[in-house]
2 protein chains.
Amino acid sequence: MPDPAAPVSNLGFAILGLLARRESTGYEVAQRMRQPIGYFWTARHSQIYPELNRLDAAGLVEHEVIEGAGPRPTKRYRITEAGRTALAAWVVGDLDPQPVRDLEILRLWSIWTVEPAAAEDLVSRLEAAHRRTLDRYLEELAEISDSPGVRDPSNPLFASRITLEGGIRSRRTALEWCAWVRAELAAAER
Amino acid sequence: MPDPAAPVSNLGFAILGLLARRESTGYEVAQRMRQPIGYFWTARHSQIYPELNRLDAAGLVEHEVIEGAGPRPTKRYRITEAGRTALAAWVVGDLDPQPVRDLEILRLWSIWTVEPAAAEDLVSRLEAAHRRTLDRYLEELAEISDSPGVRDPSNPLFASRITLEGGIRSRRTALEWCAWVRAELAAAER
DNA sequence: AAATTCATGTAAAGAGTTACATGATTTC
DNA sequence: GAAATCATGTAACTCTTTACATGAATTT
């Protein structure tokens with residue numbers, strides 16, 4: 001008995017977005033929650049399996065049992081028409097500004113409590129991590145940018161491209177900012 | 001009986017960072033968790049009061065009861081030497097790359113499911129919200145940028161300045177990216 | 001034969017939000 | 001006199017992570 005009145009969580013819409021692109025087993029959803037959707041949303045399998053059951057109960061996804069490994073039956077999930085409708089409505093719905101929750105900046109906000117040399121070292125380490133992430137984004141973008149459809153707004157690859165571009169721009173900005181902070185720290189040393 | 005072995009949460013370090021700058025009542029900590037620390041970390045009073053009690057039990061803060069309004073005694077909290085040491089150690093400690101959790105980008109990842117016109121409208125709304133946030137950051141930076149100490153890495157205002165600068169750069173990048181996305185959507189319409 | 005991957009679940013605990021609760025002081 | 005602010009707490013719920021649990025199929 002589907003319950004269309006039950007509210008869908010952000011995680012639910014993340015999963016609907018995945019299944020709208022391609023049907024998957026719960027296990028595959030968990031894998032796909034790393035690349036590329038993991039660049040802006042993550043979830044573990046322990047959160048995904050119950051959420052799939054809720055989406056199923058709400059009639060937003062459906063499943064068929066297929067043969068596969070494991071002690072329990074393997075299920076392949078597919079988004080329903082109701083699921084597509086709910087996803088599209090959520091995408092264009094109201095969204096109030098999200099509070100930022102950034103552990104790196106929280107640390108740097110207390111950087112005045114440590115020696116400038118230790119501070120510079122910290123910023124260098126953050127910088128290196130941002131550079132690695134940027135490289136991954138660039139590779140991912142290169143992989144899709146020649147595919148047909150990347151410039152068609154109704155193609156999922158279009159959305160993959162613009163979100164990756166956003167990640168690339170924000171990491172480049174973070175790198176520039178890190179270099180600037182190091183320079184500010186160094187300027188004060190003399 | 002302080003328990004220095006108890007691990008301190010991220011919220012705990014956020015509060016220690018606040019109290020390292022200036023002693024405060026729990027109520028004031030809750031107020032200060034909006035501006036400017038609220039730009040990268042937030043918490044409600046219902047989370048702050050219990051955390052202050054934990055920090056107190058761990059010996060990282062201490063309090064004195066003062067006269068004030070309200071049915072319960074008003075407490076003024078101050079960071080201890082142990083608290084300062086713990087904060088500084090946390091600032092320069094290991095930090096693995098933080099997973100991004102961005103609801104806006106999650107939405108845009110499914111933007112291919114809606115009409116381009118609706119997509120453009122969504123991006124315009126996000127853009128306007130980023131612009132408002134940018135303006136707040138710029139005001140906040142202007143307020144502190146003439147203060148003595150903003151260029152001294154051991155002064156809390158130095159940390160306020162570099163974190164605000166980071167917020168400004170990231171919002172400017174977000175605005176440019178929004179304009180770029182709108183152009184990409186418009187280019188496909190013709 | 002051992003290790004890894006496929007595959008799905010539950011339990012417990014921590015983090016965070018919303019709602020409930022109380023009452024004094026200050027401002028309009 | 002009413003409303004807002006000061007001030008501290010608890011309860012219930014949601015979201016997220018970590019850990020426990022099982023076992024077949026595939027790879028080394």
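Keep in mind it's a predicted model, so treat the numbers as computed, not measured. Residue numbers begin at 1 in each chain, while the letters A, B, ... track the order of the sequences.
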Boundaries of the chain A footprint along DNA chain D (any atom under 4.0 Å from a heavy atom):
D/dC15 to D/dA25

Grab the [atom1]-[atom2] distance between [X] and [N] for me, whole Å please.
X: A/Gln47; N: C/dA11; atom1: CD; atom2: P; value: 17 Å
X: B/His45; N: C/dA15; atom1: NE2; atom2: C1'; value: 16 Å
X: A/Asp96; N: C/dT18; atom1: CG; atom2: C1'; value: 15 Å
X: B/Trp41; N: C/dT17; atom1: CH2; atom2: P; value: 10 Å
X: A/Tyr49; N: C/dT10; atom1: OH; atom2: P; value: 11 Å
X: B/Met33; N: C/dT17; atom1: CE; atom2: P; value: 11 Å
X: A/Lys75; N: C/dA7; atom1: NZ; atom2: P; value: 14 Å
X: B/Ile48; N: C/dG16; atom1: CD1; atom2: C1'; value: 12 Å

Looking only at atom types and distance, does a side-chain atom of [X] sit under 3.5 Å from a main-chain N or O of [Y], one as donor and one as acceptor?
X: A/Trp177; Y: B/Ile162; value: yes
X: A/Arg107; Y: B/Trp90; value: yes
X: B/Thr80; Y: B/Leu60; value: yes

Does the pair [X]/[Y] count as a salt bridge with the N-to-O cut at 4.0 Å?
X: A/Glu62; Y: A/Arg78; value: yes
X: A/Arg125; Y: A/Asp121; value: yes
X: A/Arg182; Y: A/Glu127; value: yes
X: B/Arg169; Y: B/Glu165; value: yes

Donor on one side chain, acceptor on other, A/Arg34 and A/Thr42, under 3.5 Å
no

Examine the side chains of A/Arg21 and A/Ser160 and answer whether a donor and an acceptor come within less than 3.5 Å of each other.
yes

At under 4.0 Å between heavy atoms, what does A/Gly26 touch on the DNA or RNA strands: base, sugar-phosphate, or nothing?
sugar-phosphate

Indicate, with a heavy-atom threshold strictly under 4.0 Å, whether A/Ser46 touches base, sugar-phosphate, or nothing.
base

Axis-to-axis angle across the helix from C/dA1-D/dT28 to C/dC28-D/dG1, five pairs each end, nearest 10 degrees, ~ 30°

For A/Pro50 and for A/Gly68, find the nucleotide of DNA chain C with the closest heavy atom, then tell me which residue's nucleotide is more 5'.
A/Gly68

Between B/Arg172 and B/Ile168, does a side-chain contact (heavy atoms from CB on, under 4.5 Å) hold up when you go through it step by step?
CA-CA 6 Å; B/Arg172 284 206 169 118; B/Ile168 287 163; 3.5 Å; yes

Where does the angle between the aromatic ring planes of A/Tyr77 and A/His63 fall among parallel (under 30°), tilted (30 to 60°) and perpendicular (over 60°)?
tilted

Classify the ring geometry of B/Tyr39 against B/Tyr137: parallel below 30°, tilted from 30° to 60°, perpendicular beyond 60°.
tilted

5'-most by nearest nucleotide on DNA chain D - B/Pro99 or B/Arg72
B/Arg72

Verify the contact: side-chain N or O of B/Arg44 to OP1 or OP2 of C/dT18, cut-off strictly under 4.0 Å; return yes or no.
yes

So if I take residues 101-108 of chain A and measure heavy-atom distances to DNA chain C, which residues fall below 4.0 Å?
A/Arg101

